[in-house]
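Some notes on the structure that comes next.
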Amino acid sequence: VMTSLPFDPTLGIGQIVPLSKIEHLKELAEVQKEMDNSKERLDNLLETQYKMKMLYNEMINLGLKWDQLIEFRDEHNKVKDACTESVLEYMTISLNTFDRMEEIRRRQGQNLISASIESPIDYGKSEIINFPLSYDSLHFDVQYHRNEESNDKSYSHSEQLSKTTNAFVRAGPASATFTASSNQSSSSHQGQSMHKIEGTIVLCAKATHRNADIIEPFIMDPVKAVTAWNYTYPEDKIDVDPVSIYKTALEDYKTDKSEKKALSIISGCSKGSSFVGMVHLLKTESTSSTQTASSAASAVMATIEADIWVQSVSGHFGINDSTSNMAKSLNSSSDIECHATMECLGIIPDISESEIASTVMSLDPDPSEIMEQLNAMSEASDSTVNDSITGQAGKAKRGNQFMKIKSDYLQNTVSALATKENANNKIIDMNSMLTSFTNYCNKAMEGNGCGIPQSFYIKQLVKSDIAKLYIRKFYRNGIRSSKDATSGMMAQETEETEE
């Protein structure tokens, strides 16, 4: 995994900085170097492996035989083995590097908030300019994976059972007919639907920029310089009276400046930037529905006839019973999980969201529709029973009528699924990451002051330098009177020295 560039936001251009902070950044870069070298070796091996694979396919297309490529395959296998070893080595080095970098950062403490004495630079007369002292470069690594699955299942079943029983009894002049008919119908429908999308992208990039920031002209304020020195080295202060200031300017001029105390000021820097991002998206939508319906009807009819010499008497009676029930259930869920991280140093790219649709299904029952379905179920059963009672039971046995009953029954009892909610959710996904990276590259090519410091240009001021700077402004014409001495000690320019 590529890491971001070592960076300390407290190291601003023109500021007085302790060199130890720059040494801390160099220490982090040195630790990170081993991991970068291991990653570079792994990338080179993978590129070689893919290149050899393409070459092998070209040799096959040219008509070379299998036995002619034995030596080539052996070398290719060696490269594959080297890739495996390099991956394991890279993983081990990466874990060790992360632990060492964490330990260094813990030892260095926080660097988000800091306080320092004001810079001795006269910003009103100085200027920060961009100058092409470095070079543009870009190195990036991207890994992308996406998997989409869809699974739909449906099962329907309909069943109808009709039974008719007739009995005839005759005793003398009287006869009796008993008819009993029953009908049972049932249907069921089950449906399952699953849609799953899973994707991951890891994108890492580092860039260097040709434009460096330089303070030019570099003009300092003597009063601010003396104040900064006395704040930094309270045990070795600079006195601004004429005798002391001249003595300070002339003392110890033989000693090398690198061995003296000094104020270290960042006078310029070359810059770079980094882009490290990761997005993992998991979207799962599932719908499961079960619908069942049943209807039962029964009828009993008795007819009695009596033939008498004078008159005939006949009569009949019957009992009807019909029940219907229906059960429907639906379970629909939509789950979206997204984890996005992005660390950009030196350039802040535009981050645009993407839209992803989520759908939740539902049964859309209506009271009138439910009553119509129940009535249809009852009528379907009752009609069969009544037809049987009136002697039409034979028609129910015909195949075409039976199939029609099944079709009508499913049509009347199974409800369609409706979309309850279909929303477009705004999230940060893989497309957002790639759009941000494109914007990052565009801003990197434009330059325009972007980037974080990578190489620092340090201007060091020793004690005598500050004394000379003070003398050139406030004692330019020497000490000719007590007024000149007083004006110099009060940091006031005399009329002769004012510009």
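Everything numeric here is computed off the predicted structure, so don't read it as measured data.
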Run the side-chain hydrogen bond (donor to acceptor under 3.5 Å, both in side chains) test on Asp81 and Thr84 for me, step by step, so that the C-alpha distance in whole Å, both residues' side-chain angles and the decisive distance to 0.1 Å come before the verdict.
CA-CA 5 Å; Asp81 294 338; Thr84 302; 5.3 Å; no
Scan side-chain atoms only and decide if [X] and [Y] contain a donor-acceptor pair under the 3.5 Å cut-off.
| X | Y | answer |
| --- | --- | --- |
| His145 | Thr200 | no |
| Ser273 | His209 | yes |
| Ser352 | Ser432 | no |

Is any side-chain heavy atom of [X] closer than 4.5 Å to a side-chain heavy atom of [Y]?
| X | Y | answer |
| --- | --- | --- |
| Met445 | Asp136 | no |
| Cys83 | Leu46 | yes |
| Lys206 | Leu138 | no |
| Ile60 | Leu69 | yes |
| Glu118 | Lys224 | yes |

Please find the pair of heavy atoms, one from [X] and one from [Y], that lie closest to each other, and give the distance.
| X | Y | result |
| --- | --- | --- |
| Ser126 | Ile121 | OG-CG2, 3.5 Å |
| Ser38 | Ser86 | O-OG, 4.3 Å |
| Thr248 | Ser464 | O-CB, 3.6 Å |

[X] side chain to [Y] backbone, donor-acceptor under 3.5 Å:
| X | Y | answer |
| --- | --- | --- |
| Thr10 | Ser114 | no |
| Asn439 | Asp350 | yes |
| Asn230 | Ile238 | yes |
| Trp229 | Asp236 | yes |
| Lys443 | Ile347 | no |
| Arg73 | Trp66 | yes |

Closer than 4.0 angstrom, basic N to acidic O: yes or no for [X] and [Y]?
| X | Y | answer |
| --- | --- | --- |
| Asp43 | Lys39 | yes |
| Arg100 | Glu34 | yes |
| Glu30 | Lys26 | no |
| Glu75 | Lys80 | no |

Find out whether the Lys NZ or Arg CZ of Lys459 is both under 6.0 angstrom from the six-membered ring centre of Phe218 and within 45° of the ring's axis.
yes
The single option from Gln15, Gln460, Lys21 that satisfies side chain to side chain donor-acceptor pair (under 3.5 Å) with Ser264 is Gln460
Determine, using ring centers only, whether Phe437 and Phe140 are less than 6.0 Å apart.
yes
Please lay out, stage by stage, how Asp241 and Ser244 fare under the test side-chain hydrogen bond (donor to acceptor under 3.5 Å, both in side chains).
CA-CA 6 Å; Asp241 63 273; Ser244 299; 2.8 Å; yes
Using 0.5 Å steps for rounding, measure from the CG atom of Asn211 to the SG atom of Cys450.
8.5 Å
Given Pro349, Cys204, Cys441, the one that forms side chain to side chain contact (heavy atoms under 4.5 Å, CB included) with Phe275
Pro349
Going by side chain to side chain contact (heavy atoms under 4.5 Å, CB included), Met430 matches just one of Leu281, Leu203, Thr435. Which one?
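Result for side chain to side chain contact (heavy atoms under 4.5 Å, CB included) with Met430: Leu281.
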